[in-house]
Amino acid sequence: MTTYRSTRDEAMLIEINPKGNPMLLEENLARSRMHDAEIYARQHRLAHRLIVARRWRRFAGWAARRAALKAHAI
């Protein structure tokens, strides 16, 4: 990774990514944070789906037991 100093602003560093396109350090950090947020959101959706599936499975079991009791009572 090569680092250059900008001529206009000494505090602004420009990095060259492997493709050769210059990218500001702030852009690189923003992309990294966005990528981390997407991974977190994907994991959160998966956990939510698992919780919902478990809840529906319990509800279906309860409904099946109740229906069997009602059918047996008739």
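This structure is a prediction, so every number in the text was calculated from the model and none was measured.
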Atom pair CD (Glu27) and CE (Met34), whose distance is rounded to the nearest 0.5 Å: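 If I round to the nearest 0.5 Å, the distance is 10.0 Å.
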From CD1 (Ile51) to NE2 (His48), nearest 0.5 Å: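 So the CD1 of Ile51 and the NE2 of His48 are separated by 7.5 Å.
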Members other than Trp62 in its cluster, when Ile, Leu, Val, Met, Phe, Trp, Tyr link by side-chain heavy atoms under 4.5 Å?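 Reading the cluster by chain and number, Trp62 sits alongside Val52, Trp56, Phe59.
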Those residues that, when tested against Gln43, pass side-chain contact (heavy atoms from CB on, under 4.5 Å) (two or more places apart):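 Ile39.
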Is the closest side-chain heavy-atom distance between Leu46 and Arg42 below 4.5 Å?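 In short, these two side chains do not touch, never coming nearer than 4.5 Å.
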